[in-house]
S.K.: 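Dropping a structure here in structure tokens format, bear with me for questions.
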Number of protein chains: 2
Amino acid sequence: MSVHLLQTATSVLLKDPTASLGDVARAAGVGRTTLHKRFPTRTALVRAVASDALDLIESVACHVDFDSDDALEDLMTRLVALGPRVEFLLRFPGLDRDEELAARIREMDRPVLDLITRLQGTKLRRDLPAWWILHTLYAGLFNAWEAISDGRLAPLDAPRFVLSTVFEGVSDVRAVDRT
Amino acid sequence: MSVHLLQTATSVLLKDPTASLGDVARAAGVGRTTLHKRFPTRTALVRAVASDALDLIESVACHVDFDSDDALEDLMTRLVALGPRVEFLLRFPGLDRDEELAARIREMDRPVLDLITRLQGTKLRRDLPAWWILHTLYAGLFNAWEAISDGRLAPLDAPRFVLSTVFEGVSDVRAVDRT
DNA sequence: CAACAGGTGAACACTCATGTTCACAACGGT
DNA sequence: ACCGTTGTGAACATGAGTGTTCACCTGTTG
């Protein structure tokens, strides 16, 4: 039941970052008092939601074989499926001001950055910084989540769209004539 | 001076969407009363900032030759240069709930969507929806703006990074072996 | 049955953003 | 010198979100 509460809080706060605790409690079907019992302050709730999202990412990242050549595709596919729970992490305003959370995020980025750097020896472009590629991947994820929540993109289509677009770009290869 | 006020408001509200009007006024070096004189309510200020951003986009869009084959690259390059003023438009929470603004945005998207559809006959992939390509371009812009404001990316490098990444992807073409 | 933990609504005080009014100062035009 | 404009600070009322406490209800466990 605590899990469902966090999920509801995630979606409510993501749709409207200024939503009151009363809104969150009502959406979750619990009393505001109960919400305050579990999360004494608003920032505590936000941190719990963010922390939950980080746990979620870790729980899928540990299933990815980072030594594989398809690790990035595998990771991305799994992340796309997580949806709003993780979108919250990248989108919620002022979240980066929490140093502890920011540190945890950097900590999670590190192995992915290493993976990207390694893959730049084989399948990834070497003329782009690893951090730029990482953020391009994030941008692709973000893009897909937004399209899904807008109802324009079917969740099952999302991984294919993201991977295909981010890796191969939007140019028609057969028509490419630039250097 | 009114212009400078809007610019300041943009950056302050972008950094912290929950910033109070007092914060905005102080950052702009004017009294809160003066701010209220010019923009009676908070939403009025937000709408003014957004409207200003839209004007900015229109002012550069009218210099783009939409019949050219390089129209997209031209447009993107100009948009990258606009920076935070426009980032506000895509990022500020709850902005899409203003129907008038949303309509103006859709109105501006239309010619770009048409351009994309047209270019899908030549240089752009036909297996992706036009709206997906459009949002991928936006995601690239957003990515660049974020990197710039974080100090990781030099503004002059931004257009090249965005265009190259969005159009050609992050895969090393020479190593591509997928279908 | 008794005790206890967990959930609930009502009420309260507190803080803060907001919107408004008012009186005053600076400035330019007549 | 007069007046209208514009900006300013101070003060005030209002409303909303927040955090807290308390009395009450419910189910479980002993």
Side-chain angles (χ1 to χ4, degrees), chain A residues 1-53 55 84 87-89 91-101, chain B residues 1-53 55 84-85 87-89 91-102:
Chain A
M1 46 193 71
S2 171
V3 176
H4 175 257
L5 207 168
L6 277 182
Q7 287 180 0
T8 307
T10 302
S11 64
V12 172
L13 289 178
L14 195 55
K15 180 155 44 178
D16 179 15
T18 70
S20 74
L21 297 186
D23 295 333
V24 175
R26 189 152 26 82
V30 303
R32 194 169 68 95
T33 312
T34 307
L35 187 64
H36 272 101
K37 275 241 169 58
R38 202 176 294 275
F39 308 102
T41 72
R42 179 180 236 273
T43 61
L45 173 63
V46 171
R47 293 190 53 175
V49 170
S51 187
D52 175 61
D55 293 342
E87 187 181 0
F88 181 90
L89 211 50
R91 201 181 204 179
F92 197 77
L95 209 68
D96 48 342
R97 254 161 301 192
D98 187 315
E99 192 46 46
E100 189 175 328
L101 278 179
Chain B
M1 47 191 67
S2 172
V3 176
H4 174 257
L5 208 167
L6 277 183
Q7 288 179 359
T8 307
T10 302
S11 62
V12 172
L13 289 178
L14 196 54
K15 181 154 43 178
D16 178 15
T18 70
S20 74
L21 297 185
D23 296 332
V24 176
R26 189 154 25 83
V30 304
R32 193 168 69 93
T33 312
T34 308
L35 187 64
H36 271 102
K37 274 243 168 55
R38 202 175 292 276
F39 308 102
T41 72
R42 177 179 238 273
T43 61
L45 173 62
V46 171
R47 293 190 52 174
V49 170
S51 187
D52 174 61
D55 293 342
R85 305 278 294 277
E87 187 180 359
F88 181 90
L89 211 50
R91 201 181 205 179
F92 197 77
L95 207 69
D96 49 342
R97 254 161 301 191
D98 188 315
E99 192 47 45
E100 188 175 328
L101 279 178

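All heavy atoms count here, side chains included; hydrogens, waters and symmetry mates do not. So that the names make sense, note that chain A is the first sequence line, chain B the second, and so on, each numbered from 1.
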S.K.: Can you name the side chain to side chain donor-acceptor pair (under 3.5 Å) partners of A/D23, sequence neighbours left out?
M.R.: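 With neighbours one apart ignored, the set is A/S20, A/R26.
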S.K.: Using the test side chain to side chain donor-acceptor pair (under 3.5 Å), find all partners of B/R42 that sit at least two apart in sequence or belong to another chain.
M.R.: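 Once residues adjacent in sequence are excluded, B/R42 has no partner under the side chain to side chain donor-acceptor pair (under 3.5 Å) criterion.
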S.K.: State which residues pass side chain to side chain contact (heavy atoms under 4.5 Å, CB included) with A/T43; sequence neighbours excluded, sorted by chain then number.
M.R.: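 With neighbours one apart ignored, the set is A/T41.
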S.K.: The criterion is salt bridge (charged side-chain N to carboxylate O under 4.0 Å, His left out); which residues satisfy it with A/D16, sequence neighbours excluded?
M.R.: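 Scan of A/D16 (salt bridge (charged side-chain N to carboxylate O under 4.0 Å, His left out), adjacent residues dropped) gives none.
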S.K.: Would you give a per-nucleotide map of nucleotides 10-21 of chain C, 5' to 3', where B means the base has a protein non-hydrogen atom under 4.0 Å away, S means only the sugar-phosphate does, and - means neither?
M.R.: BB-----SBBBB
S.K.: Please give, in whole Å, the distance from D/dG7 P to B/L5 CG?
M.R.: 9 Å
S.K.: How long is the line joining CG of A/L45 and C1' of D/dG19, in whole Å?
M.R.: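 The distance from CG of A/L45 to C1' of D/dG19 comes to 14 Å, rounded to the nearest Å.
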S.K.: Atom CG of A/L35 to atom P of D/dG19: distance rounded to whole Å?
M.R.: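 Rounded to the whole Å, the gap is 10 Å.
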S.K.: Residues in salt bridge (charged side-chain N to carboxylate O under 4.0 Å, His left out) with B/R32, at least two apart?
M.R.: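 For B/R32, no residue satisfies salt bridge (charged side-chain N to carboxylate O under 4.0 Å, His left out) once neighbours in sequence are set aside.
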